Amino acid sequence: MTPIVQAQRIHKRFGRLEVLKGIDFEVAEREVACLIGPSGSGKSTLLRCINHLEKVNAGRLYVNGHLVGYRERGDRLYELREKEIAAQRKDIGMVFQRFNLFPHMTALENVIEAPVQVRGENKAQARERGRELLDRVGLADKEKSYPAQLSGGQQQRVAIARALAMQPKLMLFDEPTSALDPELVGDVLGVMRQLAADGMTMIVVTHEMQFAREVADKVLFMDGGVVVEEGSPEQVIAEPRHERTRSFLARVLNPNA
Ligand SMILES: Nc1ncnc2c1ncn2[C@@H]1O[C@H](COP(=O)(O)OP(=O)(O)OP(=O)(O)O)[C@@H](O)[C@H]1O
């Protein structure tokens with residue numbers, strides 16, 4: 001079976017700073033991969049490359065069988081045009097640390113904006129599906145609320161519904177709970193757990209080790225732009241083989257020690 005994501009020795013530089021130094025990894029359909037690692041290790045950059053927000057400088061990155069940002073002909077690569085990139089990106093939903101909802105639109109309007117404006121979906125049908133999605137994230141009663149009337153956790157759940165509205169094959173989450181008050185984290189993780197149980201393919205950058213242990217099929221520990229260790233959560237989180245992984249986990253699991 002073709003993996004949904006396949007990274008082959010990918011490199012990314014910002015000027016002289018090399019942030020990704022030859023990353024290899026695969027995510028199969030219906031798999032949940034969690035990326036963990038210290039600040040600056042390249043986790044967000046990797047997600048952003050997968051979602052066309054950054055371009056890799058070397059190596060090959062495939063999403064859903066398509067080479068991200070390029071067309072291959074023989075040995076040569078041709079950069080894709082905006083329209084072709086937009087077509088590739090439709091398979092991918094992304095949820096950021098900050099939810100960035102449109103403040104002047106209700107929860108439901110935020111969810112249906114892209115399906116109606118980008119995909120040209122019929123508004124009545126989009127509304128119906130939007131309501132189903134808000135129900136799925138536990139916000140059926142908030143469709144008329146504006147972002148400012150919602151808690152951070154509720155806004156993040158609207159952001160998840162908004163990403164799902166484009167019917168992605170892959171969902172990327174970049175520290176989706178780290179901007180939330182602690183008491184609001186559980187609801188968002190609950191929605192993500194359910195999504196995983198429903199078979200969504202997901203890559204999640206997170207410091208929530210309990211979530212990673214319970215939900216991930218695989219965990220990748222990144223440090224300094226490389227994948228130091230990859231394996232099942234039991235292996236990487238419970239029995240890390242590398243000293244760098246052990247000291248990172250000690251810091252995350254006992255921040256006050
Ligand atoms: N657009 C950019 N221009 C220049 N440097 C960048 C850019 N984006 C990221 N970097 C640098 O790349 C490195 C990796 O950043 P990245 O955000 O991918 O790490 P991260 O592991 O996600 O960290 P965090 O957990 O803090 O988000 C950092 O040193 C960062 O300063």
Side-chain angles (χ1 to χ4, degrees), residues 5-27 32-61 63 68-69 79 82 85 89 92-100 152 155-156 159-160 163 170-182 184-185 188-189 192 202-213 215-216 218-231 233 236-237 240 242-256:
V5 177
Q6 199 171 24
Q8 300 172 346
R9 307 298 300 162
I10 61 171
H11 292 255
K12 175 68 191 170
R13 283 185 299 276
F14 293 108
R16 292 166 69 175
L17 179 69
E18 190 171 29
V19 175
L20 302 179
K21 301 174 182 167
I23 302 279
D24 279 305
F25 85 108
E26 286 189 3
V27 183
V32 177
C34 282
L35 302 183
I36 63 170
S39 182
S41 56
K43 307 177 303 289
S44 296
T45 302
L46 179 55
L47 282 195
R48 292 171 60 82
C49 288
I50 294 171
N51 196 24
H52 300 257
L53 297 170
E54 302 288 355
K55 269 193 170 156
V56 302
N57 299 112
R60 304 247 158 141
L61 178 60
V63 174
V68 172
E79 288 202 15
E82 282 298 315
I85 290 174
R89 286 189 78 193
I92 306 168
M94 187 153 175
V95 175
F96 299 87
Q97 189 175 344
R98 299 249 158 237
F99 355 103
N100 300 328
Q155 290 185 59
Q156 191 59 304
I160 295 174
L170 168 70
M171 284 285 285
L172 308 175
F173 293 88
D174 194 357
E175 298 195 33
T177 58
S178 55
L180 302 178
D181 291 337
L184 303 176
V185 168
V188 173
L189 293 180
M192 293 168 63
M202 297 166 43
I203 306 179
V204 185
V205 173
T206 186
H207 293 299
E208 296 287 340
M209 294 303 146
Q210 194 56 34
F211 173 84
R213 285 186 75 154
V215 180
K218 65 167 72 159
V219 174
L220 291 93
F221 170 66
M222 288 180 65
D223 195 7
V226 297
V227 177
V228 174
E229 187 161 351
E230 172 183 349
V236 178
I237 299 176
H242 289 261
E243 180 49 38
R244 280 153 86 182
T245 321
R246 279 194 286 276
S247 63
F248 167 74
L249 287 168
R251 272 181 281 131
V252 173
L253 297 171
N254 304 298
N256 302 319

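Atoms within a ligand are numbered from 1 in the order they appear, just like the ligands themselves. It should be emphasised that the depicted structure is a prediction, and the values quoted were computed from it without experimental measurement. Count residues from 1 along the sequence.
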Check whether any side-chain heavy atom of Thr206 lies under 4.5 Å from a side-chain heavy atom of Phe173, and answer yes or no. no
Can you check whether Val188 reaches Leu184 side chain to side chain, under 4.5 Å on heavy atoms?
no
Protein neighbours of ligand 1 with a heavy atom under 4.0 Å, given by chain and number, are Phe14, Leu17, Val19, Pro38, Ser39, Gly40, Ser41, Gly42, Lys43, Ser44, Thr45, Glu175
Closest heavy-atom pair, Phe25 versus Ile50, reported as atoms and distance to 0.1 Å, is CZ-CD1, 4.1 Å
Quick note, salt bridge (Lys or Arg N to Asp or Glu O under 4.0 Å) partners involving residues 244-256, not counting sequence neighbours, are Asp223-Arg244, Glu243-Arg246
| query | Is there a donor-acceptor pair under 3.5 Å between the side chain of Gln156 and the backbone N or O of Phe96? | reply | yes
For residues Arg60 and Ile10, determine if any side-chain heavy atom of one lies less than 4.5 Å from a side-chain heavy atom of the other.
-> no
